[in-house]
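Since we're looking at a predicted model, the values are computed, not measured. Below, chain A is the first sequence line, B the second, and so on; all start at residue 1.
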There are 2 protein chains.
Amino acid sequence: MDPHLLRTFVAVARLASFSEAARELGYTQSAVSQHIAALEQDLGAPLLTRRPVTPTAAGERLLEHAAPLLLRLDAARADVTRIAAAPAYGLTLAASPTALGARVLAALPPAGVTLRVVARADVPAAVATGTAEIGLVDGLAAPSDPLRLPDVAPLTTHGVSEEPVGVLFPDGHPLAGRDAVRLADLADARWIDAPDTALPLPHLRAANGGHGFRPALRYEGVDVRMLTALVAAGHGLALLPCSAGEGAAGVRVVPLGAPRVVHRVECVYAGVPAGAAGELVGALG
Amino acid sequence: MDPHLLRTFVAVARLASFSEAARELGYTQSAVSQHIAALEQDLGAPLLTRRPVTPTAAGERLLEHAAPLLLRLDAARADVTRIAAAPAYGLTLAASPTALGARVLAALPPAGVTLRVVARADVPAAVATGTAEIGLVDGLAAPSDPLRLPDVAPLTTHGVSEEPVGVLFPDGHPLAGRDAVRLADLADARWIDAPDTALPLPHLRAANGGHGFRPALRYEGVDVRMLTALVAAGHGLALLPCSAGEGAAGVRVVPLGAPRVVHRVECVYAGVPAGAAGELVGALG
DNA sequence: TCTTCTTACGCTCGGCGTAAGTATC
DNA sequence: GATACTTACGCCGAGCGTAAGAAGA
């Protein structure tokens, strides 16, 4: 189970071609073939069907393992080299789209910051592999409960802020005038699943015993104004941190009452941040 | 970052000796030396001090990564081979000590079961590496919230039961007569930390903002009667699922009121369990 | 001086590329 | 027959063991 073989395997599976993978990895097609053969012999099971090139059941399982495995490997290398490496000028901050509140923006140093917005699930990976010094992730959680982040590496996390979440209604919706709504009443409403912009629906579905909260529309963009426009147009409801939805035209934000969930932002970093990173972490703390 | 090198590194670090590690791994001392040298050159930083053999700062970081990495590697191999392997006779169940309630015991098939009690954190690993077909873990969680398990591999989890938790008081304790207690009132009480028998204190400390719940005594055994005896002798309080503490002499179990936490048991397995394992999962579901 | 890690050196085996073989479309 | 994976084979380098060297207790 050499990582090289694993890397080759995922490339072949992704590209559905030995020769394409060879091109991408800088090997000959023959070498790729031998890699796969070695893996299959090692594990004692065929991993790919040839012609067409498709993972077998065993290959599917291996694929599920391979990505986090290779990620951890990169994370380990980054973590070790980080200690020896000279601290670069500048500071890169990886953040999920709705994690950047006013508080964070105010705490940023005046110059030398790169802000990299990535999908929620990729923030820990970015920090672990050293792509960013600091990460900011947001998500839904019970009050003062930590977020459930994928553990790609031993990272330190750190609550930055919590604020109530609200449901985004179009103006004129029968519930739009309420002071608060209960989530249970909305399980069967039309919802917009906007995993990169709003708060993720699967979390609500899980909290509701796996039922309800089926998306009527999926929005894969990252623009909050687009999302509010979709809600205003009646395509469905969305869940947002209250502050993110205020002031938009054609929509109303109604705070969520019943299940006590909050929008929580966490700061994540590896080891002991130094220099500008350390100051920012301190300012956020 | 060959896994072999990593394995050698952890062995050397654990044994604090190149030659001991060589013996254990079936290499010559020279090969071990070369392994470490290769790792250090690859990562560009010294990982161990020699004489005495101790991990450097970089080595410490690598050690933190190495164990989960090697575990995941084993898990991947087990997961893939599991598909091809012939289903063995018998069924091995890995369980944490307080996960085995009456419901589970009743659901066990009449013969061919091996029950392996391991530490809470090792249950997912046992299932992932194929040491056990099914795992049963328990822990504290908010009602209907899943447990926070280390993700060694893509495993399926599955709530089995939830029951209230209670604080174990010695008879005559001023609070022992109450109908319910609030955890916040007990932050500064004397506690017994019995991570393998009772419910883990760190969870409570985290819920309390990192304060309080400092253990007065640590019990590393696995015997519930021993724990109740320690409580009865006034060494401290302990947190248990209510049913586990009932009927013991010299102690009273008072249900926990305020923070809504329950004792939750989850069933964990890999892939789609077949045969006896499938039946048991069904019976627990 | 003894123990323990490092370095030197030779051997073997693993792994890659070239090229020929084979199977599927 | 063209395309795409497999197998054969030779070469180079990686990695192990033996053995000598160096450094600390």
So, does B/Thr8 use its side chain to make a donor-acceptor pair with the main chain of B/His4 at under 3.5 Å? yes
Selection from C/dC16, D/dA4, C/dC5 that lies nearest to any side-chain heavy atom of B/Ser19: C/dC5
Between B/Ser17 and A/Ala38, which is nearer to the 5' end of DNA chain C once each is assigned its nearest nucleotide? B/Ser17
Rounded to whole angstrom units, what separation is found between the CG atom of B/Asp42 and the P atom of D/dG15? 10 Å
Between A/Gln34 and A/Ser30, do the side chains contain an N or O donor and an N or O acceptor separated by less than 3.5 Å? yes
Side chain to side chain contact (heavy atoms under 4.5 Å, CB included) between A/Leu39 and A/Leu62: does it pass, once the steps are laid out? CA-CA 10 Å; A/Leu39 255 185; A/Leu62 185 57; 4.3 Å; yes
Rounded to whole Å, please give me the gap between CZ in A/Phe18 and P in D/dT7. 11 Å
Checking D/dT18, C/dT6, C/dG17 against the side chain of B/Thr28 (C-beta onward), the nearest is D/dT18
Ignoring the backbone of B/Gln29, work out which of C/dT6, C/dG17, D/dG17 is nearest its side chain. C/dT6
CZ of B/Arg50 versus P of D/dA25: gap in Å, rounded? 15 Å
For B/Ser30, report the nucleic acid contact type (base, sugar-phosphate, nothing); a contact means any heavy atom under 4.0 Å. base
To the nearest 0.5 Å, what is the distance between CZ on A/Phe9 and CG on A/Leu47? 5.0 Å
Among the nucleotides D/dC16, C/dC5, D/dA8, whichever has the atom closest to the side chain of B/Val53 is C/dC5
To the nearest Å, give me how far apart NE2 (A/His4) and C1' (C/dG14) are. 13 Å
Would you mind reading off the distance between A/His35 atom NE2 and C/dG14 atom P, rounded to a whole angstrom? 14 Å
Nearest-angstrom distance from the residue atom OH of A/Tyr27 to P of C/dT18: 14 Å
Distance, rounded to the nearest Å, where A/Leu15 contributes CG and D/dC5 contributes P: 11 Å
Quick check for you: among D/dC16, C/dC16, D/dT7, whose closest atom lies nearest to any side-chain atom of B/Gln34? D/dC16
From CD of B/Glu20 over to P of C/dT4, roughly how many Å is that when rounded to an integer? 8 Å
If you measure only the distance, is there a donor-acceptor pair under 3.5 Å linking the side chains of A/Asp138 and A/Ser96? yes
